[in-house]
Number of protein chains: 2
Amino acid sequence: MDQITNPQAITRTSLHHELVGRLQTLIINADLEPGLKVPEKLLCDQFGVSRTPLREALKVLASDGLVRLEPNRGAWVTRVTIEEVEEVFPVLGALEALSGELACQNITDAEIDTVKDLHAQMMQSYGDSDLDAYFSINQKIHRAILLAARNGTLTSSCQALSLRMQRARYLANMTQGRWQEAVQEHERILEFLVARDGPNLARTLTGHMNSKRLSVVRWLQAEGAKRG
Amino acid sequence: MDQITNPQAITRTSLHHELVGRLQTLIINADLEPGLKVPEKLLCDQFGVSRTPLREALKVLASDGLVRLEPNRGAWVTRVTIEEVEEVFPVLGALEALSGELACQNITDAEIDTVKDLHAQMMQSYGDSDLDAYFSINQKIHRAILLAARNGTLTSSCQALSLRMQRARYLANMTQGRWQEAVQEHERILEFLVARDGPNLARTLTGHMNSKRLSVVRWLQAEGAKRG
DNA sequence: TGACTTAATTATGAATTCAAAATTACGCTG
DNA sequence: CAGCGTAATTTTGAATTCATAATTAAGTCA
């Protein structure tokens with residue numbers, strides 16, 4: 001019964017599954033640059049795997065929209081386009097709204113305390129102008145609400161769409177005005193969550209996503225203009 | 001330029017992509033029975049392909065929740081559980097609500113006429129007690145609204161979740177009461193769509209999904225009781 | 001006979017191989 | 001030397017092969 005050789009819990013996960021996660025990380029960190037070709041051979045060497053599991057992973061990523069497969073030409077890292085942002089944020093808005101509704105029905109007091117704590121940390125990061133920390137905690141808050149909704153399907157749907165929006169660095173690019181607005185929205189989010197006011201939380205979350213959409217689109221437009 | 005040998009448009013699609021579609025069909029038609037193991041070898045013979053593209057397709061289906069991969073044990077067709085239905089229908093409700101909102105903003109008069117026509121056909125099927133035709137047209141109506149929303153991301157998200165709910169035969173199993181209720185809901189859906197009344201259409205669609213959820217859950221419970 | 005071990009078989013996961021397509025490099029012609 | 005066509009190279013998609021894990025079958029002993 002004892003497994004002497006086992007240093008820690010058995011990470012029995014298939015290669016392709018592991019690769020899906022790794023590649024997602026590479027893509028949202030823009031280590032794999034959007035618009036460029038996925039360097040199949042390089043990645044195989046890098047991860048020490050053969051093409052078979054890597055290609056399996058690429059099919060999955062393609063169905064999630066992180067890469068695009070061109071027949072007989074290989075896989076390409078997809079760019080975040082304005083059209084895509086205009087499509088995805090409304091869907092995320094609807095899903096987050098639902099997560100807010102459900103969270104208000106199911107969240108425990110302890111979980112609310114956790115969110116309060118995260119919120120305070122986030123405000124601290126805002127005060128410190130620490131954008132990286134801010135974003136990291138921000139995500140944790142959204143995720144905490146999502147988990148409190150107790151709906152695994154909702155969680156993975158949101159997760160998949162969020163990933164697509166997390167590519168590129170533009171998220172870390174907010175004007176001071178937008179940052180302040182976002183913080184105010186988050187104040188209301190916390191307020192309605194604590195009050196367990198589902199309808200208002202839902203509305204606020206949808207609005208929050210809408211603001212985010214506008215901000216991202218504006219940034220992409222400016223970026224597009226810069227590059228010509 | 002002329003391609004003499006080409007009987008119709010070039011269906012240049014990769015094997016794995018083709019297989020994803022075929023397997024989806026097999027699963028939602030329950031040709032691959034839920035709960036059973038995916039017969040890899042049999043399918044390879046059947047489709048005349050090797051294991052490589054088939055396994056690629058299975059990874060994609062797994063990420064969509066149609067099969068479950070057990071490490072070193074193969075792929076299994078997932079069952080529709082009550083828990084899953086309780087999760088998926090609320091998400092579908094939120095997405096359909098959004099599709100209703102957006103459709104009211106973007107649908108053309110011609111498209112509304114198409115929906116009207118489909119609705120009339122559906123009522124005809126109801127009168128004829130032709131459940132198969134009813135369901136087929138019903139899906140076309142929902143899809144028409146979805147397409148009128150002009151949001152491809154929304155379309156594919158809905159599509160993926162709908163597929164999961166289309167497995168098994170229970171959809172073709174409605175009580176007379178539920179059928180009548182569904183028809184009434186569809187009357188209101190058409191009414192609000194024609195009036196381009198987004199908020200009310202959204203509400204009605206969410207309610208429609210909720211009724212569907214209840215009906216399916218009840219049926220699954222009865223089914224579960226029958227089998228012990 | 002029935003539980004437990006161990007060997008044979010089968011199926012799985014992943015690496016390798018191979019044919020076909022695409023890309024690049026090269027040379028020819030004007 | 002620019003543009004075109006052809007050959008060499010590389011890359012891709014998919015079949016095949018191979019090591020390993022899981023399952024089944026056979027055999028042992030109480």
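Order of the sequence lines fixes the chain letters, A, B, ..., with proteins taken first and strands second; residue numbering starts at 1 for each chain. Not measured: the values here are computed from a predicted model.
Separating the CG atom of B:Leu58 from the C1' atom of C:dT12 is a distance of 12 Å, rounded to the nearest angstrom. When the C1' atom of C:dT12 is taken as reference, atom CZ of B:Arg68 falls 16 Å away, rounded to whole Å. At whole-Å resolution of the value, NE2 in B:His16 and C1' in D:dA14 are 13 Å apart. Here C:dT12 presents its C1' atom at 17 Å from NE2 of A:His17, a figure rounded to the nearest Å. Spacing between atom CD of B:Glu56 and atom C1' of C:dA14 amounts to 12 Å, rounded to whole angstrom units.
The only option from A:Arg68, A:Arg167, A:Arg79 that meets the salt bridge (charged side-chain N to carboxylate O under 4.0 Å, His left out) definition with A:Glu84 turns out to be A:Arg167. The only option from B:Lys212, B:Met165, B:His208, B:Glu87 that meets the side-chain contact (heavy atoms from CB on, under 4.5 Å) definition with B:Leu92 turns out to be B:Met165.
Using a 4.5 Å cut-off on side-chain heavy atoms (C-beta onward), A:Val216 and A:Phe89 make contact. Residues A:Thr52 and A:Leu15 are not in side-chain contact: their nearest non-hydrogen atoms beyond the backbone lie 4.5 Å or more apart.
Between the side chains of B:Gln159 and B:Ser162, no donor-acceptor pair is found at a separation under 3.5 Å.
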Q) What is the per-nucleotide protein-contact pattern of nucleotides 8-13 of chain D, from the 5' end, where B denotes a base atom under 4.0 Å from a protein heavy atom, S denotes such proximity for sugar-phosphate atoms only, and - denotes neither? A) ---SBB
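Side-chain N/O atoms of A:Thr52 and base N/O atoms of C:dA15 include a donor-acceptor pair closer than 3.5 Å.
Looking at which nucleotide of DNA chain C each of A:Gly48 and A:Trp76 is closest to, the 5′-most match is held by A:Gly48.
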**Q.** Intermediate values then yes/no, salt bridge (charged side-chain N to carboxylate O under 4.0 Å, His left out), A:Arg143 and A:Glu96
**A.** CA-CA 10 Å; A:Arg143 189 163 179 81; A:Glu96 292 245 353; over 6 Å; no
